[in-house]
Protein chains: 2
Amino acid sequence: MSDPDGERTPVPQRAVDRIKAMIAGGQVGPGERLPTERDLSAQLGVSRSSMREAIRALTTLGVLESRHGAGVYVTALRPADLLETFSVLAEVSQGRTLLEVLQVRRMLEPAATALAAAHASDEDLDRIGALLNRMEGGPDTVCTDTATADLGFHQTIVASTGNATLAAIHDGLSSHTFNARVWAGHREAGLTAKLREDHQRIHEALVARDPDAARAAATVHVLRVERWLSADLAVTGN
Amino acid sequence: MSDPDGERTPVPQRAVDRIKAMIAGGQVGPGERLPTERDLSAQLGVSRSSMREAIRALTTLGVLESRHGAGVYVTALRPADLLETFSVLAEVSQGRTLLEVLQVRRMLEPAATALAAAHASDEDLDRIGALLNRMEGGPDTVCTDTATADLGFHQTIVASTGNATLAAIHDGLSSHTFNARVWAGHREAGLTAKLREDHQRIHEALVARDPDAARAAATVHVLRVERWLSADLAVTGN
DNA sequence: AGCGTGTAGTGGTCCGACCACTTTTGCATG
DNA sequence: CATGCAAAAGTGGTCGGACCACTACACGCT
């Protein structure tokens, strides 16, 4: 299967594989520095241009990090590093895909909120409460600010589950632009009050450390957003 | 008002933004062809090398696709295109992160399997059944083959929910290398028979179009894998 | 000993040439 | 006139070298 020659595969791709192998093989660990671009290109027998393309690819994947004048480093390889590219989905998605994203969140968010009810620290709960207050800050609050607080509210909850991978995926699924659009729509539809109730109910369940109540509250919340978006797409013609 | 140019941002990054803007602005739609690398570089006032790095970045993100001798094209921008990079996570993850991945799958897989029980077509069920048989193909079956069939089994189930975004995320969470490792471990632990029961139970629930049974069966399955991995990590010292 | 400054080394950018592949053109053939 | 194949034009792929911008470290000055 491994095709020793493999001359048919593009040069930068081979370089990418070699670097990946270096990391997987433990020759370079997270946070460590790689040989210089010039050394690497000579070592793998490719031009520096191709090597740079390979490095660029691994950089966009969140595996490597280039520091001008210093060198190329392996990232910490934390889930958040590798899933940063994820947000592109929520950014460019439209219509049907947006509904699919929300459907996935409906699977994740209740379970995550329930987990948070069991795992969240007191500091987490404080921060969540603070964000809740910020969302309710009078009717003159700028829409953008409300959306930001909403985003932070849910992200903090998911982060307090202690599962970094889950948090990274969830963050990718709820981009800023996505949430802003939903909030703008909700304001029109006059559902702001309902969402406020949802958030308060979620917060109460977390403070009470009641996983079941938290799961139920989160389910109600996501379902409400999903139903509105579904109706909205039907009108605007997805 | 400070720095209208923004000359401080790296050149390829600026090129990436410009191309993104071209897509977002509708100047080039999904599947359409971009100007040649030479034209683009002249048009944006950057060198062809930098333009190539920008294209390479967008290619790894799944937004663009280069065809040797033909040109550079915008992908269909489907979720599967944009989430292909996702699999890197499951590839390089180790220890703790592996458990986190499994925990996320425990949230997604039951809900997805339940959805599949309601939405799967007869053809889907046939394919799932075929893969189930392939997994049970006698004791002389190569381990790699069993792992592949297992992977296909779950992927086909998730794909039959009709939610392409969900399918793409799930695929990223269950890479081939990851599953192969788990299967190798299971063979040692002699849990193969148990897994077979799990799979059969899931299949039966799908054929019966029973969402609740499907959800329960999937939960049991993922939980079993998760428990084994947890114990294994404790031994090998994560 | 402390602190700038200079210098070597690194990634960043550009250029121009050539190679490999694909598509189109156009000529020769039936 | 239709057909098929070969030549040519166009495109991405790769290479090598040159120079710029930045960082880090060591040297020398105070």
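Nothing here was measured: the structure is a model prediction, and the numbers come from that model.
The structure places OG1 of A/T75 at 10.0 Å from CG of A/L58, a figure rounded to the nearest 0.5 Å.
The 12-atom threshold is exceeded at CD of B/E226, counting heavy atoms of other residues, nucleotides or ligands nearer than 6.0 Å. A 6.0 Å sphere centred on CZ of B/R48 holds more than 12 heavy atoms belonging to other residues, nucleotides or ligands. Counted within 6.0 Å of CD on B/Q155, heavy atoms from surrounding residues, nucleotides or ligands total more than 12; the atom is thus considered enclosed.
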Self-check item: Step-by-step side-chain contact (heavy atoms from CB on, under 4.5 Å) determination, B/M107 to A/L115
Solution: CA-CA 11 Å; B/M107 298 177 182; A/L115 245 188; 3.7 Å; yes

Given side-chain hydrogen bond (donor to acceptor under 3.5 Å, both in side chains), test A/T60 with B/T60 step by step and report yes or no.
CA-CA 7 Å; A/T60 62; B/T60 59; 2.7 Å; yes

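Taking every heavy atom of residues 48-60 of chain A and every atom of DNA chain D, pairs under 4.0 Å involve A/R48, A/S49, A/S50, by number. For DNA chain D, the neighbouring residues in residues 36-45 of chain B, judged by any heavy atom under 4.0 Å, are B/T36, B/E37, B/R38.
Where B/L34 and A/G69 meet DNA chain D, the nucleotide closest to each residue was compared, and B/L34 sits on the side nearer the 5' end. When the nearest nucleotides of DNA chain D are assigned to B/R33 and A/A70 by heavy-atom distance, the more 5′-ward of the two goes with B/R33.
Here the side chain of A/E53 pairs no donor or acceptor atom with the backbone of A/P12 at under 3.5 angstrom.
Residues B/F86 and B/L173 meet the side-chain proximity criterion, which asks for heavy atoms closer than 4.5 Å.
Mapping heavy-atom proximity under 4.0 Å, the span of DNA chain C touched by chain B runs 5' to 3' from C/dT13 to C/dT22.
The only option from A/I128, A/V158, A/T148 that meets the side-chain contact (heavy atoms from CB on, under 4.5 Å) definition with A/F153 turns out to be A/I128.
Classification of B/R127 and B/E123 as a salt-bridged pair fails, no side-chain N sitting under 4.0 Å from a carboxylate O.
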